[in-house]
Chemist: 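Take a look at this one; I'll ask things after.
Just so it is clear: chains get the letters A, B, ... in the order the sequence lines come, proteins before strands, and each one is counted from 1.
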Amino acid sequence: VAEPKQGWTLGELAEILGGELSGPSDVFIRRPVPAGYSDTEGITFAENAKYLELVEKSDVAAVILPESGLESNKPSIRCEAPREAFGRILALVAKELSLSEGIHPTCVISPEATIEEGASIGAYCVIESNTRVASGAKIYPFCYVGENCRIEMGAKLYPHVVLYKNVQIGERTIVHSGVVIGADGFGFFWDGEKRRKIPQVGSVVIGDDCEIGALTAVDRATAGETRIHHGTKIDNLVQIAHNVEIGEHSIIAGQTGISGSAKIGARVTMGGKVGIRDHVSICDDVNLGGRTDVVNDITEPGDYWGSPAKNAQKQIRVLMLIEKLPELMQQIRRLEQEIKELQKKIK
Amino acid sequence: VAEPKQGWTLGELAEILGGELSGPSDVFIRRPVPAGYSDTEGITFAENAKYLELVEKSDVAAVILPESGLESNKPSIRCEAPREAFGRILALVAKELSLSEGIHPTCVISPEATIEEGASIGAYCVIESNTRVASGAKIYPFCYVGENCRIEMGAKLYPHVVLYKNVQIGERTIVHSGVVIGADGFGFFWDGEKRRKIPQVGSVVIGDDCEIGALTAVDRATAGETRIHHGTKIDNLVQIAHNVEIGEHSIIAGQTGISGSAKIGARVTMGGKVGIRDHVSICDDVNLGGRTDVVNDITEPGDYWGSPAKNAQKQIRVLMLIEKLPELMQQIRRLEQEIKELQKKIK
Amino acid sequence: VAEPKQGWTLGELAEILGGELSGPSDVFIRRPVPAGYSDTEGITFAENAKYLELVEKSDVAAVILPESGLESNKPSIRCEAPREAFGRILALVAKELSLSEGIHPTCVISPEATIEEGASIGAYCVIESNTRVASGAKIYPFCYVGENCRIEMGAKLYPHVVLYKNVQIGERTIVHSGVVIGADGFGFFWDGEKRRKIPQVGSVVIGDDCEIGALTAVDRATAGETRIHHGTKIDNLVQIAHNVEIGEHSIIAGQTGISGSAKIGARVTMGGKVGIRDHVSICDDVNLGGRTDVVNDITEPGDYWGSPAKNAQKQIRVLMLIEKLPELMQQIRRLEQEIKELQKKIK
């Protein structure tokens, strides 16, 4: 399985990247490959000795190296920032998932919906009343967009996205397949006999330049809004509960769960499988390690980890002590023995 | 993004709620909003001092207060149970996701399926043979309902639900988008060379008045039934494995996973990310804190927490001792020192 | 909810299984049921005393017993391997989810796609250009198969599967509903002001005889391939990140998450909710207990458990010591007391 044909000579690539060529300029490069991958038409990058070791063992056409410090026998291009240069090659070969312009004839679109000129809507989409899809927005097949939604310019809904209603998707925001936005928040009360549903009447607002990973759920607010601010990126299988607010440029890794009404600051990063308790507040510039549980407010920027979350350095120390519990146990037994001997001597 | 126009005067609302009006009766209220939210046409509620503090800082048209104990300068309605009164306003503005009555012409419905009069089936649904959809049931666009299913009166399948086959959805039960019910249980055996599939021939029965959150998976039984009893509410991204049984009126928060053949009692509550081992049994009236792992049967009602689960009070004590491990370490070092000094003195 | 009629006499079943009949040969058996399940037309199995106890309490038509060691008053068939024999009955009654042969007229298939004779494609599928669907492959309703994919012989995509593009599904591999394969890997870099997307241009290769559980996400590689080798079985709601590689015949339970570029060996088993850090490498024949976090390479086969993962035996010992922390604390206090007394005596 491979993309259709493409390619450059190494000389062409050196020019595109503004880097220094070392080796024959006519080596033919067809695609970027990861470090350590063998592909006689591939180019990779090495930003440090570890990567270079992987590259040297592999059979690859060329490598992007930093301006100094690393040497390779392979044809190479030296650049100031090899990883960024490699990213530029990725961008050269990246191709949008295909979608024809205009509205596919199989779509079921409410006469009260507004589809602006220049929007693309794929096969078998359903778009309900009072919804507006802006120019340049792309909605792939099998999306359901309920009433009263706004899909802003350049936003993308990949195949099989569901927006219930009152959902706003900001400019250039990407929503991956299987995402469900605007389902009922999980709110019930016990009436003495059974659990009764608290109606969920709020909405969801996703800002500009966000990305929502595959199979992530963002519930609508009980009242008011569940809100994700500009530039925040969310991975796959994440749960965002009702009335959550997440600040700008935050990053949330896979399988994380954020409970109702939690408020997350800007530039917060979360590793995988993090859990945030309901109504908790986390300030800006906090980093949470994988599998961290936040059960109390975090008011100081910094690195946190563990369950419950604490300062990451402190957590590592506690963890090391846990590892040493068997030794600790022996130490205590030795002390007991020594005390007994002392007691005997004194008697 | 907001619902179409609606609203009441504060006087009208006081009458609807049967509460005592304080302030001008002609203040116009358009919508319920969360405490702390500023909306000059919004009404919120304060059931305690913490909520009231949030409300007082916000710019809101009116507030629902308890009959005594809290004072506000804002227009207010005093009610016996402010949270419940607020819930009644939520119910006033709540509107069902739109769905036309009858069967949309794009549906692909087996001639051996039975759709009762008064059922609504949206665009692009597929319904297979021997399936019955009862009157008043609503099936939103893009649902797949396999053979031999029963969708009872008033049940709702939101867009993009999949029922494999032999699945029963009880009366008034709500199934959110992206839910998959009846996929193969995860059963394999190692034949010495590779893993071979154990055929999964059972069914799934979901009781009345249940709710299944977005992107939750409920596998069908190997043989017999996977069964969720009346009134149980399940959040998003939950995994319910083959042959699991969950009692009535239980509540299971997001990203929890329940392994094969586990038996869960009635009125059990689980926080987020709980894990239940296969074949484990949990009695009625058990509460499991977030991220708890249950690896042995629980036979006594009560609160449990931790990994593995233990009595919540005991778990908190253990956790506090873990936090104190650095001190413990120092204490032991001090004891060692004191013993050495004693040893010197005695020699 | 039950499958249409089927059945055998106990004598017929004994012959099919090659087992020894005990009791009347004309007992009518309609279906296999789990041990402990009451069904007067059901047959179950007991491979040990615990199962037999369950069976004896239930009202079932017959039971499969081992050749010796267990006795029952119920009609029975004695077989060498009761569980395997029961599996054979499961296979007798197992029926494929229904799907008509050929291409449903509602499908939207690119003229540049190739659908081989003998493939079945259900209602409302979208198949894009340069994709090939092999003979005997089954694609159920509402699947989206992007450009340049390969669906090999006998592969099954259940309803509502999404393959972005450049995805290969091996022979006889089963992909359950709600699975998303080939979404963008989660790669961003901080440019000093905001997070920028690293283009994801790679592909996904799933081998033969694999199974991918409902609502699991497998991201495509940044460059190169995300790869799952032959015979590996993956449960529901699992996250497989970009550039991950998983060896043959591995088994991965629900809600596990494997981060970018991790390399997993052959015959590795993972319990539920396991987390694997990015770039980590795990050798063949490793077993990871539920909720284990692997943060460093594992280079020795064996059983591992905990967060972070360690040898399972060692982990159990540490866990038992944690449980004993309250006692440990008391012990230390007692030692302190004894030392004080010694100090007094010596003074």
Chemist: Check each atom of A/V162 against the heavy atoms of chain B and say whether the ones under 4.5 Å are side chain, backbone, both or neither.
Modeler: side chain
Chemist: What part of B/E248 is in contact with chain A, defined as an atom under 4.5 angstrom from a non-hydrogen atom: side chain, backbone, both or neither?
Modeler: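 Neither the backbone nor the side chain of B/E248 comes within 4.5 Å of chain A.
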Chemist: Report the distance from atom CZ of B/R172 to atom NZ of A/K197, rounding to the nearest 0.5 Å.
Modeler: 14.0 Å
Chemist: I'd like to know whether CD of B/E80 has more than 12 heavy-atom contacts from other residues, nucleotides or ligands below 6.0 angstrom.
Modeler: no
Chemist: So, A/E147 and B/K95, do they make that salt bridge, N to O below 4.0 Å?
Modeler: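 Not counted as a salt bridge, because no side-chain N and carboxylate O are separated by less than 4.0 Å.
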Chemist: Side chain from CB out, backbone as N, CA, C, O: work out which of these in B/P141 comes under 4.5 Å of a heavy atom of chain A, or both, or neither.
Modeler: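 Side chain only.
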Chemist: Of the backbone (N, CA, C, O) and the side chain (C-beta and beyond), which part of B/I332 lies under 4.5 Å from a heavy atom of chain A, both, or neither?
Modeler: both
Chemist: Of the backbone (N, CA, C, O) and the side chain (C-beta and beyond), which part of A/K314 lies under 4.5 Å from a heavy atom of chain B, both, or neither?
Modeler: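 Looking at A/K314, nothing touches chain B.
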Chemist: Among the options B/G231, B/P326, B/G272, pick out the one with the most heavy-atom pairs lying under 4.5 Å from chain A.
Modeler: B/P326
Chemist: To check you understand the geometry: which heavy-atom pair defines the closest contact between A/A223 and B/L90, and what is its length?
Modeler: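 Closest approach of A/A223 to B/L90, heavy atoms only: CB-CD2, 4.0 Å.
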Chemist: Which donor-acceptor pairs under 3.5 Å do side chains of residues 188-195 of chain A form with protein atoms, sequence neighbours excluded?
Modeler:
{"unit_1": "A/D191", "atom_1": "OD1", "unit_2": "A/E193", "atom_2": "N", "d": "2.8"}
{"unit_1": "A/D191", "atom_1": "OD1", "unit_2": "A/K194", "atom_2": "N", "d": "2.8"}
{"unit_1": "A/R195", "atom_1": "NE", "unit_2": "B/H249", "atom_2": "O", "d": "2.9"}
{"unit_1": "A/R195", "atom_1": "NH2", "unit_2": "B/H249", "atom_2": "O", "d": "3.3"}

Chemist: Output the distance between atom CG (A/L335) and atom CD1 (B/I339), rounded to the nearest 0.5 Å.
Modeler: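 Spacing of CG (A/L335) from CD1 (B/I339) equals 4.5 Å.
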Chemist: Need one label for B/H230: side chain, backbone, both or neither, based on atoms under 4.5 Å from any heavy atom in chain A.
Modeler: neither
Chemist: If you draw a 6.0 Å radius around CD in B/E53, do more than 12 non-hydrogen atoms from other residues or ligands fall strictly inside?
Modeler: no
Chemist: Is it the case that atom NZ in A/K263 sees more than 12 heavy atoms from other parts of the structure closer than 6.0 Å?
Modeler: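 Counting other residues, nucleotides and ligands, NZ of A/K263 exceeds 12 neighbours.
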Chemist: Could you give the distance from NZ (B/K273) to CG (A/D293), rounded to the nearest 0.5 Å?
Modeler: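 B/K273 atom NZ to A/D293 atom CG measures 8.0 Å (nearest 0.5 Å).
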Chemist: Given a strict heavy-atom distance threshold of 4.5 Å, which part of B/L237 is in contact with chain A: side chain, backbone, both, or neither?
Modeler: side chain
Chemist: For chain A, which of B/L325, B/L342, B/D235, B/I322 has the most heavy-atom pairs under 4.5 Å?
Modeler: B/D235
Chemist: To the nearest 0.5 Å, what is the distance between CG on A/D184 and CG on B/L97?
Modeler: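 Output value for this atom pair is 9.0 Å.
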Chemist: Less than 4.5 Å to any heavy atom of chain B: does that hold for the side chain of A/V238, its backbone, both, or neither?
Modeler: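 Contact with chain B: backbone only.
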Chemist: Less than 4.5 Å apart, any side-chain heavy atom of A/P199 and any of B/V93?
Modeler: no
Chemist: Does any backbone or side-chain atom of B/I174 lie under 4.5 Å from a heavy atom of chain A? Answer side chain, backbone, both or neither.
Modeler: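 Looking at B/I174, just its side chain touches chain A.
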Chemist: Under the side chain to side chain contact (heavy atoms under 4.5 Å, CB included) rule, what do A/Y144 and B/Y158 come out as? Steps first, then yes or no, please.
Modeler: CA-CA 10 Å; A/Y144 174 88; B/Y158 279 114; over 6 Å; no
Chemist: Pull out the residues in residues 252-260 of chain A that come under 4.5 Å of chain B, heavy atom to heavy atom, sorted by number.
Modeler: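 The stretch touches chain B at A/Q255, A/T256, A/G257.
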Chemist: On a heavy-atom basis, which atom in B/L215 and which in A/G178 lie closest, and how many Å separate them?
Modeler: CD2-O, 3.4 Å
Chemist: Could you check whether atom NZ of B/K324 has more than 12 heavy atoms from other residues, nucleotides or ligands sitting under 6.0 Å from it?
Modeler: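 Result for NZ/B/K324: open.
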Chemist: Nearest 0.5 angstrom please: A/L321 CG to B/M329 CE, how far?
Modeler: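 Output value for this atom pair is 6.0 Å.
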Chemist: For B/I346, is it the side chain, the backbone, both, or neither that has a heavy atom closer than 4.5 Å to a heavy atom of chain A?
Modeler: side chain
Chemist: Please report the shortest heavy-atom distance between A/V180 and B/A214, naming the atom on each side.
Modeler: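 Closest heavy-atom pair between A/V180 and B/A214: CG1-CB, 3.9 Å.
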Chemist: Applying side chain to side chain contact (heavy atoms under 4.5 Å, CB included), run through B/L328 and A/L328 and close with a yes or a no.
Modeler: CA-CA 10 Å; B/L328 210 76; A/L328 209 75; 4.1 Å; yes
Chemist: Going from OG1 on B/T106 to OH on A/Y124, what distance comes out if it is rounded to the nearest 0.5 angstrom?
Modeler: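 It is 9.0 Å, given to the nearest 0.5 Å.
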Chemist: Given that the side chain runs from C-beta out, which part of A/H242 has a heavy atom under 4.5 Å from chain B: side chain, backbone, both or neither?
Modeler: neither
Chemist: Name the region of A/Q331, side chain, backbone, both or neither, that has any atom closer than 4.5 Å to a heavy atom of chain B.
Modeler: side chain
Chemist: Between A/K345, A/E341, A/R291, who has the most heavy-atom pairs with chain B when the cutoff is under 4.5 Å?
Modeler: A/R291
Chemist: Go through A/T216, A/V179, A/D219 and name the one with the most non-hydrogen pairs under 4.5 angstrom from chain B.
Modeler: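 Ranked by heavy-atom pairs under 4.5 Å with chain B, first place is A/D219.
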Chemist: Less than 6.0 angstrom separating the ring centers of B/H176 and A/Y164, yes or no?
Modeler: yes
Chemist: Sort out for me which of A/R317, A/E128, A/H160 touches chain B most, counting heavy-atom pairs under 4.5 Å.
Modeler: A/H160
Chemist: Which is it for B/F142 and A/V126 under the side chain to side chain contact (heavy atoms under 4.5 Å, CB included) test, yes or no, and what are the steps along the way?
Modeler: CA-CA 9 Å; B/F142 304 115; A/V126 170; 3.7 Å; yes
Chemist: Under 6.0 Å from the CZ atom of A/R277, do we count more than 12 heavy atoms belonging to anything else shown?
Modeler: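 No, the 6.0 Å shell around CZ holds no more than 12 heavy atoms from other groups.
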Chemist: Using heavy-atom distances under 4.5 Å, tell me whether A/I198 contacts chain B through its side chain, its backbone, both, or neither.
Modeler: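 Contact with chain B: side chain only.
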